[in-house]
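Since the structure comes first, as structure tokens, the remarks are kept for the end.
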There are 2 protein chains.
Amino acid sequence: MKARVHVTLKRGVLDPQGEAIRRALGTMGFDGVESVRQGKVIELELAESDPAKAEAAVREMCEKLLANTVIEAYDVEIEPEIQPEVTA
Amino acid sequence: MKARVHVTLKRGVLDPQGEAIRRALGTMGFDGVESVRQGKVIELELAESDPAKAEAAVREMCEKLLANTVIEAYDVEIEPEIQPEVTA
């Protein structure tokens with residue numbers, strides 16, 4: 001089972017990397033870019049096959065390692081894989 | 001209009017940061033994490049209101065600045081904002 005986690009800075013937390021991208025885009029002639037925020041996306045391949053258990057485990061990973069919850073927010077998407085076998 | 005870009009390493013490109021996360025999760029007792037890939041998510045707020053034009057502009061930004069297309073793949077999602085005004 002695949003899980004995708006987005007870790008982004010919370011609103012109000014300064015994002016210098018995003019601001020640097022916004023300015024670079026402006027100097028390159030891309031007008032109308034009002035704001036840019038940069039975050040991380042983490043894709044995990046899990047052995048767990050129960051979506052609820054997988055989501056709970058990934059949320060725990062976020063709390064303990066993947067996100068700094070003081071300044072970052074995260075969201076978890078579970079993408080069950082297509083099962084090629086026909087279940088009885 | 002909002003755009004969200006995912007920039008991830010292409011398959012086959014070594015991802016030491018993802019591998020470091022995978023090992024850290026293993027040492028923390030999270031079993032069954034088979035692989036981890038880390039990428040970037042870039043959220044842009046655009047003045048453009050036409051979704052097709054916005055997507056074309058963001059794809060150009062990806063090709064020119066946001067992604068290193070030799071080793072990175074990108075995908076673009078356009079999220080039109082809810083328009084509070086009633087259009088005539």
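Naming: A, B, ... by sequence-line order, numbering from 1 per chain. Since we're looking at a predicted model, the values are computed, not measured.
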Item to check | Note: A/E63-A/R59 ion pair, threshold 4.0 Å (strictly below) | outcome: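 Looking at A/E63 and A/R59, the cut-off is not met.
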
Checklist entry - Could you state the interatomic distance from CD (A/E48) to CE (A/M1), rounded to the nearest 0.5 Å? => result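 Going from the CD atom of A/E48 to the CE atom of A/M1 covers 7.5 Å.
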
Item to check | Test item: A/D75 and A/V5 side chains (from C-beta on) under 4.5 Å apart, heavy atoms | outcome: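 A/D75 vs A/V5: side chains apart.
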
Item to check | Which atoms of A/E60 approach chain B - backbone, side chain, both or neither, heavy atom under 4.5 Å | outcome: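 Both backbone and side chain.
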
Next on the checklist: Looking at A/R37 and A/K10, would you say the former's side chain and the latter's main chain have a donor-acceptor pair under 3.5 Å?
Outcome noted: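 Between the backbone of A/K10 and the side chain of A/R37 there is a qualifying donor-acceptor contact (under 3.5 Å).
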
Checklist entry - Who wins among B/Q38, B/M28, B/M61 for the most heavy-atom pairs under 4.5 Å with chain A? => result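 With the most close heavy-atom pairs to chain A, the winner is B/M61.
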
Next on the checklist: If I measure from the heavy atoms of chain A, does B/R22 come under 4.5 Å with its side chain, its backbone, both, or neither?
Outcome noted: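 Looking at B/R22, nothing touches chain A.
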
